[in-house]
Amino acid sequence: MKRERLEEVAEIIDKRGKMTLEQLEEAFPDVSQMTLRRDLTQLETEGRIIRVRGGAMSVKEVQKISGEVYTQKTTVNMDAKIVIAQKAATLIDEGSSVFIDGGTTAMYLSKEMPDIKCNVFTNGIAVAMELAQKKNVNITVVGGQLMKDNLSTASPAAKEYFMHTNFELAIVSATAFTPEHGFTCNSQIESDLLIQVFKKARHVYMMLDSSKIGKINPYTFAQIEDIDVLITDDVFPREYKALFEQNDIVVM
């Protein structure tokens with residue numbers, strides 16, 4: 001019986017692409033909201049849907065938008081990314097100007113962000129699409145070459161754009177980190193863009209889940225001393241936490 005209901009829930013979400021919890025309650029009037037929430041949690045664990053604020057989106061719909069590679073990345077260390085995103089969302093104040101990158105953790109941040117008046121600059125396509133659902137957030141998307149693995153853009157023109165743009169916060173993520181090589185990514189033009197963003201931001205918040213520790217990518221865009229706050233998960237190694245704190249960096 002439960003399995004049949006789960007299949008029905010997954011099927012209707014696949015058919016519509018995205019549904020709110022209220023819409024699901026209308027579709028399944030005999031099922032409690034708590035049960036539907038548990039169903040969504042199980043379907044997400046099975047990789048059938050992706051939870052979004054107030055409801056769920058079909059994995060097939062996300063794949064239409066982003067492609068298989070990005071969809072797979074959203075599910076890697078997903079619980080940690082959501083925890084980090086929830087922490088980061090509390091740091092965005094009404095009226096602020098913020099740069100948010102295009103990583104999958106940033107995508108979860110865009111889901112968790114409150115719908116408040118603020119200006120968001122981003123090079124993330126999926127991030128912008130999620131933020132577009134919020135009424136009060138002003139969104140500016142910078143253009144350039146599309147990097148399909150993380151659905152973000154970067155270009156010399158985007159770098160120049162940020163030479164003439166001001167924002168209080170830069171909230172970014174890294175695909176790899178070691179103390180020796182710093183925060184690294186896979187694209188030279190993305191690295192150049194982030195370096196310029198760091199120059200303009202008053203404060204830099206780095207989102208880094210523990211799975212990125214000890215990995216090295218080709219291009220370094222920041223060192224430990226370049227950030228102000230590290231936002232991480234609950235299993236972040238103590239020795240690394242101490243390393244950041246020794247450099248007067250707040251660890252959340």
Side-chain angles (χ1 to χ4, degrees), residues 17-18 50-57 59 61-78 80-93 96-155 158-159 161-162 165 167-175 183 185-187 189-191 193-194 196-198 200-201 204-209 212 221 231:
K18 181 178 180 181
I50 293 176
R51 294 290 297 275
V52 296
R53 181 180 285 273
M57 180 180 286
V59 166
E61 186 70 16
V62 176
Q63 287 173 344
K64 288 179 190 175
I65 301 168
S66 61
E68 187 71 30
V69 174
Y70 187 83
T71 303
Q72 288 175 350
K73 287 179 70 174
T74 63
T75 62
V76 174
N77 217 18
M78 181 176 62
K81 290 177 181 178
I82 292 173
V83 167
I84 292 169
Q86 289 171 340
K87 292 178 183 179
T90 66
L91 302 174
I92 300 174
D93 295 326
S96 61
S97 293
V98 187
F99 173 84
I100 299 176
D101 73 343
T104 53
T105 307
M107 187 271 290
Y108 283 114
L109 169 58
S110 66
K111 297 179 189 297
E112 298 293 336
M113 265 185 63
D115 190 359
I116 58 176
K117 288 187 179 297
C118 62
N119 295 300
V120 174
F121 301 88
T122 185
N123 66 328
I125 305 302
V127 170
M129 292 186 67
E130 186 65 37
L131 290 175
Q133 299 177 57
K134 303 180 190 295
K135 295 180 180 179
N136 296 302
V137 180
N138 294 319
I139 310 153
T140 300
V141 184
V142 295
Q145 178 183 335
L146 178 66
M147 291 164 282
K148 295 181 180 179
D149 63 335
N150 63 0
L151 272 189
S152 63
T153 61
S155 68
K159 177 184 174 182
Y161 176 83
F162 284 120
T165 308
F167 37 85
E168 288 90 359
L169 301 179
I171 306 178
V172 302
S173 52
T175 52
F183 302 99
C185 63
N186 283 311
S187 166
I189 56 172
E190 183 179 23
S191 174
L193 176 64
L194 290 174
Q196 179 60 39
V197 165
F198 278 36
K200 296 304 297 282
V204 176
Y205 298 166
M206 178 65 68
M207 300 185 294
L208 186 75
D209 69 75
K212 311 294 176 58
F221 62 87
I231 309 169

### Query
Would you call the rings of Phe221 and Phe198 parallel, tilted or perpendicular if under 30° counts as parallel and over 60° as perpendicular?
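Because their plane-to-plane angle is over 60°, the rings of Phe221 and Phe198 count as perpendicular.
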### Task
Could you label the plane-to-plane angle of the Phe167 and Phe121 rings as parallel, tilted or perpendicular, counting under 30° as parallel and over 60° as perpendicular?
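Taking Phe121 first and then Phe167, their aromatic rings sit tilted (interplane angle of 30° to 60°).
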Sidechain-backbone polar pair: [X] side chain, [Y] backbone, donor-acceptor under 3.5 Å:
X	Y	value
Asn136	Asp115	yes
Gln196	Lys159	no
Asn119	Asn138	no

Of all heavy-atom pairs between [X] and [Y], which one has the smallest distance, and what is that distance?
X	Y	value
Ala126	Met107	CB-CG, 4.2 Å
Ile100	Ala106	CG2-CB, 3.6 Å
Ala201	Leu169	CB-C, 4.3 Å
Asp93	Cys118	O-CB, 4.2 Å
Gly102	Val127	CA-CG2, 4.3 Å

As an exercise, state the distance from [atom1] of [X] to [atom2] of [Y], rounded to the nearest 0.5 Å.
X	Y	atom1	atom2	answer
Ile171	Ile84	CD1	CD1	12.5 Å
Asn123	Ile189	CG	CD1	10.0 Å
Met113	Leu91	CE	CG	11.5 Å
Ser110	Gln133	OG	CD	8.5 Å
Asp101	Met206	CG	CE	8.5 Å
Lys134	Ile139	NZ	CD1	9.5 Å

### Task
Would you indicate whether the side-chain heavy atoms of Val172 and Phe183 approach each other to under 4.5 Å?
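Side chain of Phe183 against side chain of Val172, heavy atoms only: no contact under 4.5 Å found.
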### Message
For the residue pair Thr165 / Lys200, report whether a side-chain donor-acceptor contact shorter than 3.5 Å exists.
### Response
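There is no such pair between these side chains.
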#### Entry: Check against side chain to side chain contact (heavy atoms under 4.5 Å, CB included), Thr140 and Thr122
CA-CA 6 Å; Thr140 300; Thr122 185; over 6 Å; no
### Task
Go through the steps to decide whether Phe99 and Leu194 satisfy the test side chain to side chain contact (heavy atoms under 4.5 Å, CB included), and finish with yes or no.
CA-CA 10 Å; Phe99 173 84; Leu194 290 174; 3.9 Å; yes
